[in-house]
Number of protein chains: 2
Amino acid sequence: MTTSEPGDAKRPTRRSSNPTVHDVALEAGVSPMTVSRVLSGGKNVRLEVQERVARAVETLGYHRNENARSLRPGHRSGLVGVTITNIANPYYAEMLRGVEEIASAHGRRILVGNSNEDADLEKQLVADFIGRRVEGLIVVPSSAGDAAHLQLERLGGVPVVLASRAVGGVSADTVLIDDVEGARTATAALLAEGHRRVAYLGQRSVFTGRRRLEGFTVAHEALELTPDEELIRVGQQDVGSAERAMTELLDLADPPTAVFSANNRNTVGAIRAIVARRRATAGTGAGGGGDDIRVAGFDSFDFADIAPVRLSIVDHDAGDLGRRAAAMLFDRLDGGAQPVEPRVLELPVTLRDLF
Amino acid sequence: MTTSEPGDAKRPTRRSSNPTVHDVALEAGVSPMTVSRVLSGGKNVRLEVQERVARAVETLGYHRNENARSLRPGHRSGLVGVTITNIANPYYAEMLRGVEEIASAHGRRILVGNSNEDADLEKQLVADFIGRRVEGLIVVPSSAGDAAHLQLERLGGVPVVLASRAVGGVSADTVLIDDVEGARTATAALLAEGHRRVAYLGQRSVFTGRRRLEGFTVAHEALELTPDEELIRVGQQDVGSAERAMTELLDLADPPTAVFSANNRNTVGAIRAIVARRRATAGTGAGGGGDDIRVAGFDSFDFADIAPVRLSIVDHDAGDLGRRAAAMLFDRLDGGAQPVEPRVLELPVTLRDLF
DNA sequence: CGTGTGTTTGGTAACGATAACAACCCGGCC
DNA sequence: GGCCGGGTTGTTATCGTTACCAAACACACG
């Protein structure tokens with residue numbers, strides 16, 4: 001386009017839209033093919049031409065259209081879809097960072113969706129991701145609703161890795177936390193200290209909740225004890241409801257002397273309730289009471305170490321969960337021929353005393 | 001094409017790859033065009049044909065290729081790019097959720113990248129996002145390095161909204177927390193209580209840190225006071241270093257009677273140092289000392305309300321930050337003709353006394 | 001029965017990029 | 001001079017989808 005003939009009105013100048021290889025080619029006085037060649041390494045292109053093209057790219061602010069590229073056969077989209085039940089949960093945020101880290105190292109970008117524990121929304125997200133030709137999916141499956149949309153054949157052959165939770169009826173690569181063992185160890189520690197009335201705060205409807213309750217029960221059974229049903233509270237979703245549940249427990253005629261909580265929201269709620277009770281009884285001069293309730297909880301959280309109670313935490317690395325899940329996915333994507341059987345990985349946890 | 005003639009070997013059956021409109025058309029015995037019509041609403045297509053196509057879609061597990069669709073003129077990619085300096089930071093995670101919420105409501109998906117405070121990485125992310133034809137960008141700019149890549153003309157006209165931090169030399173829509181006012185109010189509250197030696201714990205290299213220090217200073221100047229340089233500590237990145245800095249302050253000949261900290265890590269560190277000192281002096285029977293150090297801090301955190309000191313918090317909503325940034329972006333994308341001037345929004349903060 | 005109106009359907013081209021092929025240029029060799 | 005091989009460049013066709021046009025069809029009305 002050094003000289004602008006009146007005849008070449010084929011492509012009217014469109015300043016607004018993104019420039020294409022064609023525009024760059026005009027600017028550099030070469031063919032689109034040559035531009036393409038320069039952009040993919042410049043093999044077999046004269047140096048002088050390469051420089052001319054580079055200048056044109058710079059001048060026009062050209063960016064290769066990846067969507068168009070991914071259209072060509074054999075080309076990959078470079079995208080991985082991630083659906084999470086709640087991005088704002090620091091635990092999943094940390095996991096997401098792990099996924100991003102590995103994806104980035106493999107030259108992929110991540111598409112993120114929030115399923116909000118809604119299977120329908122999750123289904124839409126997955127369908128949309130497949131429509132965008134993601135190469136793979138990492139899914140924290142929602143606890144509610146059926147999961148038929150995660151069947152391999154429904155995904156058009158796109159590999160999926162389930163993270164944090166398994167799904168009945170779906171056989172796919174899965175990375176889990178060792179929920180049962182974590183809950184068992186923590187509960188066993190409380191029992192070993194002599195506590196015999198240990199409460200449980202958690203969930204039963206969610207996969208991890210069920211497993212953690214199982215660990216709680218197993219620890220009791222190992223000592224031929226049976227947990228008191230009255231001390232088992234399930235269904236608290238947030239800190240507020242957890243605090244109320246703990247307060248109820250403290251109000252019992254025969255209150256617990258220790259509590260195991262199955263996630264960080266419940267732990268924080270329990271600690272709040274204990275501290276509130278401590279302040280109230282301190283005023284009456286009663287002294288003892290809720291003061292020395294022992295707490296053990298699954299998941300770490302910010303500033304757990306300044307909690308004003310004797311606290312142990314079942315710690316696990318969310319970032320590692322994400323990295324492992326992503327690694328599993330890229331193993332299938334970039335690794336050679338794979339075994340077809342899905343693999344299940346259970347990540348270990350550690351019990352930390354924070355006092 | 002119900003009967004398969006030997007001659008029609010044009011498109012060999014490819015079970016492995018994703019089916020296309022063409023495949024669906026063959027299956028349903030119609031033309032690709034008709035399939036396309038059915039998929040976009042089915043206007044002017046016989047009901048019987050629509051059902052046939054729907055069945056074929058179901059049978060083959062067809063998903064429209066969004067990348068191919070977005071190629072067509074006038075069509076949008078439905079993507080928004082988000083770069084964050086640290087996804088794992090709960091504050092930005094919450095922000096991300098806000099962005100996702102609004103994006104989702106506008107029928108868009110989000111591409112997420114972690115810049116890790118690295119301007120080069122951020123630049124690559126932005127370039128890649130533009131290559132994928134995102135309709136807009138939401139960027140938490142990295143504090144280090146230059147930001148030429150965020151210039152509007154460099155972005156090929158893709159609108160960008162800066163979140164949480166502004167960037168010198170870049171004029172773009174920006175959503176900020178009202179750092180100056182938050183720090184000013186909190187500091188003013190401490191001064192109003194009669195404190196005259198108020199320490200500052202925070203940062204000076206980061207945008208928000210500078211602004212919060214400014215608010216701290218302004219509050220002093222309003223009362224014709226000058227903050228003691230000795231009481232200003234900057235550069236603490238984590239709880240540990242903040243605790244050490246606070247301990248140093250307590251060891252001064254003329255220690256502060258109150259402290260304003262510019263973020264939650266510093267607040268927690270300060271509280272730790274104060275509590276440690278209190279325990280130490282309690283043993284000596286000294287009584288007073290670090291006992292009644294007053295604390296005010298930016299950012300909330302778990303257990304802020306049960307902290308064992310007189311604490312005020314400058315509270316702000318990260319989710320709101322994300323929602324506002326996204327709303328600003330979609331205002332430009334979906335709203336009609338816009339004013340060209342970039343807008344800057346400063347979100348209000350509230351001072352909460354937690355005692 | 002012819003014409004007009006409206007519905008349903010299919011062919012063609014284009015979006016942006018690039019493999020595959022073809023064409024060209026150049027120097028070196030017989 | 002004519003031919004060959006290597007480097008360089010351009011042309012064509014294709015990826016999956018859909019807007020636009022044209023064709024085919026149904027039906028009503030004069």
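Residue numbering restarts at 1 for every chain, and letters A, B, ... go by the order of the sequence lines.
Protein atom CZ of Arg133(B) is 20 Å distant from nucleotide atom P of dT17(D), rounded to whole Å. Atom NE2 in His22(A) sits about 9 Å away from atom P in dC15(C), given to the nearest Å. In this structure, CG of Asn44(A) is placed 16 Å from P of dC21(C), rounded to the nearest angstrom.
Between Arg69(B) and Glu66(B) there is a salt bridge, since at least one side-chain N of the basic residue sits less than 4.0 Å from a carboxylate O of the acidic one.
When heavy atoms are screened at a 4.0 angstrom cut-off, Val49(B) is found touching the sugar-phosphate backbone but no base atom.
When each of Met33(A) and Lys43(A) is assigned the nucleotide of DNA chain D bearing its nearest heavy atom, the one mapping closer to the 5' terminus is Lys43(A). Mapped onto DNA chain D by nearest heavy atom, His63(B) and Arg37(B) fall at different nucleotides, with His63(B) at the one closer to the 5' end. Checking Ser40(A) against Arg46(B), the closest nucleotide of DNA chain C that is more toward the 5' end is the one next to Arg46(B).
Using a 4.0 Å cutoff on non-hydrogen atoms, the parts of residues 64-73 of chain A near DNA chain D are Leu71(A), Arg72(A), Pro73(A), ordered by number.
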TODO: Check step by step if side chain to side chain contact (heavy atoms under 4.5 Å, CB included) holds for Asn65(A) and Thr20(A).
DONE: CA-CA 8 Å; Asn65(A) 187 328; Thr20(A) 73; over 6 Å; no
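Ser40(A) and Ser36(A) make their closest contact through OG-O, 2.8 Å (heavy atoms, listed as atom of the first residue, atom of the second, distance). Minimum interatomic distance between Ala327(B) and Ile102(B) (heavy atoms only, all atoms of both residues): N-CG2, 4.1 Å.
Of the candidates dG10(D), dG10(C), dT17(D), dG10(D) carries the atom nearest the Thr34(A) side chain, counting heavy atoms from C-beta on.
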